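Scope of the values below: all heavy atoms of this structure, side chains included, with no hydrogens, waters or symmetry mates. Everything quoted here is computed from the prediction, not taken from an experiment.
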Amino acid sequence: MRTCRDHERHGMPATATDALLEWSSKTNGRRRAPSPVGQPYGPPLLVLHQGRRRYRSLPAWVALLLAGTGLAATVVGVVVALNAPGRVPVPSEGFSEDNQREQSAAADRGAGAAGHRGPAKSGKGGKPVHNVPPDLTYVRHLPAGNSANASTKSPVEQAREVFEAPAADSQDPPANAIDAFVRARLQAEGIEPAPLCSDAVFLRRAYLDVIGTLPTAEEARDFLKDRHPQKRRLLIERLLQRPEFADFWAMRWSDVLRVKSEFPINLWPNAVRAYHHWIRTAIREELPYDRFAWTLLTSSGSNFRTPPVNFYRAVQRKDPGTVAQAVALTFLGVRPQAWPAERWADMEVFFSRIGYKATGEWKEEIVFFDPRKPLTKTAATFPDGTPVTLAPDDDPRRVFADWLVAKQNPWFARAVANRMWAWVLGRGIVHEPDDFRPDNPPSHPELLDYLARELAAADYNLKHLLRLILNSRTYQQSSVAATQHPKAAALFASYPIRRLEAEVLIDAICQITGTAEHYSSPIPEPFTYLPHGHRAIALADASITSPFLEMFGRPSRDTGLASERDNKLTANQRLHLLNSAHIQTKIEKGPGLAGLLASSRPHGELMTQLYLTILSRYPTPAEVDAALGSPPVDIAWALINSAEFLCRH
């Protein structure tokens, strides 16, 4: 395995092998693995128990790690949990009750003399059953000896008991036009939509989706106690006005606009700061999206003093073809392979008269309309097929920008409405959100047209579009699907489970533990080191980073493609959360949890505060009982490693 210097810098294990060795040694020393706690989304990576060793997916040295412990290992998921010797159930991997029964039966068939249950199989070619994303295994941790409980209730029932059942006083939001379009398609396909999510789930979901920030324990408690019938709508309005809104959505737009100092974009630090500040200010002051786009496309001036011109510098090459493809990707959601060569040739004309001139200041450059550059042709065609004739003194950028933002042009509004929908609901109506092409039709064409019309009618106010989406019942559905229909996810029959973005995740961990991260750029032009306490969602520059952000899939912002951001859970990420001194130190020594973990408050009160702080909900009585006698630090560590914490749901 490859050694990671960043891990060594943080005192973390250099390889996965070292990580397991380190963890193995900790279980015999001061660090115990977390006690079994009810976690509806918290699967274990290794469930240790007595019985015959049956390893298929780990090398034989895993057994050597456990030699003399009287324990064996089965690979099943994300978190490591130790259980007392005895029979321990292997968790299910799916939400379906039928699959749960099928897997339980398969496990019973493979049970060994000491109660061993092998990994669940589907019975069809021996492949595991995956009804949720393959990197998320759904499981409830149970105390040793309670294995009987595992077979009495399906994962769906367990989830609803814990946090998916709607609160008794919660009310379905009135169906809006979004719901009418989505429900019509679901009914046509015979798909049952998921029920309304609980207040606790909605609270956490809205905070993460709108401001990229966890609610505090006090905010969670206040919302859950609130009896106002419109409290969800009121919460949405409060979140839209929070200062974190501008930080979080500037982060998202900076991914699209390739805000980065170093290779291959090379905006350089001064320009990045100016560009990011302009983007964030535009979001905070609710600059209409048509003016936002028009300004980016038509501005001229110094890249240090006229920030929008950095749009033309944030491309890997300055030729008209590369610029035209960046414009189409950003504002029309079109990738280079989606159009024939003739259409791209017409697009290039609009960006063929851009000039670049250096100044005496380091890395400064002036972007301007250069009338000395000849037009390759005076007759061009807009992407919708409308012809246009360019005059010799025309700035072709303005001609294109005027066409782009015209209210009668549905291409522009459809592209950004689809992108906003994807940011909030995990996938676009056209998926991927920047892949509009004839052979990739929208799942709900009428819905996409409706959102585009609403946005144009609201003078391109993006918050208006967000309000529509967030107040819809479609958005407020449970993440526990009511059906296993193969089209359910693509047709938005439930809220999609997905891992938190790297920046949001590390900010959440720091918020809970009261700690901070170090962010720097190792390339000395000049070397950049941000002050302690800077939030990851507020980072302006993709070149300023940390080992955590790189490991957890923060995009490099090289291309502007949505697929650059990788939110899949990997083995290295799991081991880092599980074993690294980086995370362990935050939990054990961070001031955010230190006072709580060292307090002598009653067990129930302590568990309530931990759950509100980490998961933004109250624990169930069963979870409080299961944690009785376990060190609070282990409970906190287990909750942070649970997929309920790591994921939007």
Please set out all donor-acceptor pairs under 3.5 angstrom arising from side-chain atoms of residues 303-312, sequence neighbours excluded.
unit_1 : atom_1 : unit_2 : atom_2 : d
Asn303 : OD1    : Glu365 : N      : 2.7
Arg305 : NH1    : Glu364 : OE2    : 2.4
Arg305 : NH2    : Glu361 : OE1    : 3.1
Asn310 : ND2    : Asn303 : O      : 2.9
Asn310 : ND2    : Pro307 : O      : 3.0
Tyr312 : OH     : Leu297 : O      : 2.4

*Hey, does Arg499 have a side-chain heavy atom less than 4.5 Å from the side chain of Lys568?*
no
*asked:* Taking Glu503 first and then Arg565, would you say they form a salt bridge - that is, a charged N and a carboxylate O separated by under 4.0 Å?
replied: yes
*Would you check if Ser521 and Ser543 make a side-chain contact, meaning some heavy-atom pair closer than 4.5 Å?*
yes
_Whether Asp179 and Arg473 form a salt bridge (side-chain N of Lys/Arg under 4.0 Å from carboxylate O of Asp/Glu) is what I want to check._
no
*Would Ile512 and Phe645 satisfy side chain to side chain contact (heavy atoms under 4.5 Å, CB included), going step by step from the backbone distance to the final call?*
CA-CA 11 Å; Ile512 289 167; Phe645 174 75; 3.3 Å; yes
*Under 3.5 Å side-chain donor-acceptor pair for Glu564 and Ser556*: yes
*Is the shortest distance from a Lys or Arg side-chain nitrogen in Arg467 or Glu237 to a carboxylate oxygen in the other one below 4.0 Å?*
yes
*List the steps and the verdict of ring pair (Phe, Tyr, Trp, His ring centres under 6.0 Å) for Trp253 and Phe248.*
CA-CA 9 Å; Trp253 277 107; Phe248 183 54; over 10 Å; no
_Looking at Gln477 and Thr474, would you say the former's side chain and the latter's main chain have a donor-acceptor pair under 3.5 Å?_
yes
*State, with a plain yes or no, whether a side-chain heavy atom of Leu447 is found less than 4.5 Å away from one of Ile429.*
yes
*asked:* Has Asn461 got a side-chain atom pairing as donor or acceptor with Leu455's backbone, closer than 3.5 angstrom?
replied: no
*Should we count CZ of Arg273 as having more than 12 external heavy atoms under 6.0 Å?*
no
*Looking at side-chain heavy atoms only, is the closest gap between Leu505 and Phe552 below 4.5 Å?*
yes
*Candidates Arg221, Arg205, Arg232 - the one meeting salt bridge (Lys or Arg N to Asp or Glu O under 4.0 Å) with Asp199*: Arg232
*asked:* With a 4.0 Å cut-off on N to O distance, would you call Arg242 and Glu219 a salt bridge?
replied: yes
*Does the side chain of Gln316 pick up a donor-acceptor pair with the side chain of Asp558 at under 3.5 Å?*
no
_Lys260 bridged to Asp541 by N-O distance under 4.0 Å_ = no
*So, Arg617 side chain and Ala200 main chain: donor-acceptor pair closer than 3.5 Å or not?*
no
*asked:* Run the side-chain hydrogen bond (donor to acceptor under 3.5 Å, both in side chains) test on Tyr495 and Asp209 for me, step by step, so that the C-alpha distance in whole Å, both residues' side-chain angles and the decisive distance to 0.1 Å come before the verdict.
replied: CA-CA 12 Å; Tyr495 182 88; Asp209 285 341; 2.7 Å; yes
*Which heavy atom in Ala540 sits nearest to a heavy atom in Val259, and how many Å separate them?*
O-CG1, 3.3 Å
*When you measure from the side chain of His649 to the backbone N and O of Pro496, does any donor-acceptor pair fall under 3.5 Å?*
no
*How far does NZ of Lys373 sit from CG of Leu375, to the nearest 0.5 angstrom?*
11.5 Å
*Is it true that Lys377 and Asp346 make a salt bridge, defined as a side-chain N closer than 4.0 Å to a carboxylate O?*
yes
*Please determine if Arg252 and Glu501 form a salt bridge, counting it only when a charged side-chain N lies under 4.0 Å from a carboxylate O.*
yes
*Value rounded to 0.5 Å, distance of CG in Leu539 from CE in Met251*: 10.0 Å
*Side-chain donor or acceptor of Asp507 paired with backbone N/O of Gly212 under 3.5 Å*: no
*Are the charged groups of Asp394 and Arg353 less than 4.0 angstrom apart, N to O?*
no
_Aromatic ring pairing Phe202/Tyr475, orientation class (parallel under 30°, perpendicular over 60°, tilted between)_ = perpendicular
*Within 45 degrees of the axis of the six-membered ring of Tyr460 and under 6.0 Å from its centre: does Arg291 put its NZ or CZ there?*
no
*Quick one: sort the Phe412 and Tyr289 rings into parallel, tilted or perpendicular, breaks at 30° and 60°.*
parallel
*To the nearest 0.5 angstrom, please state how far the CZ atom of Arg498 sits from the CZ atom of Arg648.*
5.5 Å
_Just verifying a value: how many Å separate Leu296 CG and Trp278 CH2, rounded to the nearest 0.5 Å?_
4.0 Å
*At their closest point, which heavy atom of Arg397 faces which heavy atom of Phe351, and how far apart are they?*
CG-CD2, 4.2 Å
*Quick check: does any side chain N or O of Lys231 sit under 3.5 Å from a backbone N or O of Asp226, one acting as donor and the other as acceptor?*
yes
*asked:* Is it the case that over 12 heavy atoms from other parts of the model lie below 6.0 angstrom from the CZ atom of Phe263?
replied: no
*Can you see which heavy atom on Glu517 is nearest to which on Cys510, and at what distance?*
CG-SG, 3.7 Å
_Min side-chain heavy-atom separation Val388-Thr381 under 4.5 Å_ = no
*Contact summary for Phe331 and Ala415, nearest pair of heavy atoms*: O-CB, 3.5 Å
*asked:* Is any side-chain heavy atom of Phe548 closer than 4.5 Å to one of Arg554?
replied: no
*Say whether, by atom type as modelled, one donor and one acceptor occur between the side chain of Glu244 and the main chain of Ala538 under 3.5 angstrom.*
no
*Does a sphere of radius 6.0 Å around NZ in Lys318 hold more than 12 heavy atoms from other residues, nucleotides or ligands, not counting ones at 6.0 Å or beyond?*
yes
*asked:* Minimum heavy-atom separation for Phe368 and Ser300, please, with both atom names.
replied: CA-OG, 3.6 Å
*Does the side chain of Ile279 reach to within under 4.5 Å of the side chain of Ser254, using non-hydrogen atoms?*
yes
*I would like to know whether His444 and Leu448 meet side chain to side chain contact (heavy atoms under 4.5 Å, CB included); could you show each step before the answer?*
CA-CA 6 Å; His444 301 73; Leu448 186 56; over 6 Å; no
*Taking Arg185 for the side chain and Ser443 for the main chain, is one N or O donor matched with an acceptor at less than 3.5 Å?*
yes
*Donor-acceptor contact present, side-chain Asp402 to main-chain Val399, <3.5 Å*: no
*First locate atom CG of Leu612, then atom CG of Leu224, and finally report the distance between them rounded to the nearest 0.5 Å.*
7.0 Å
*State, yes or no, whether a side-chain contact exists between Tyr450 and Glu454 at a heavy-atom distance under 4.5 Å.*
yes
_Once rounded to the nearest 0.5 Å, what's the spacing between atom CG of Leu196 and atom OG of Ser478?_
9.0 Å
_If you compare all heavy atoms of Arg258 against all heavy atoms of Val315, which two are closest, and at what distance to 0.1 Å?_
NH2-CG1, 3.9 Å
_Main-chain N/O of Ala422 paired with Arg427 side-chain donor or acceptor, under 3.5 Å_ = no
*When you check the side-chain N and O atoms of Arg535 and Thr213, is any donor under 3.5 Å from an acceptor?*
yes
*For Thr322 and Arg317, test the side chains for any donor-to-acceptor distance below 3.5 angstrom and give the result as yes or no.*
yes
_Salt bridge flag under 4.0 Å for residues Lys407 and Asp459_ = yes
*Over 60° means perpendicular and under 30° means parallel, so classify the ring planes of Trp249 and Trp423, tilted if in between.*
perpendicular
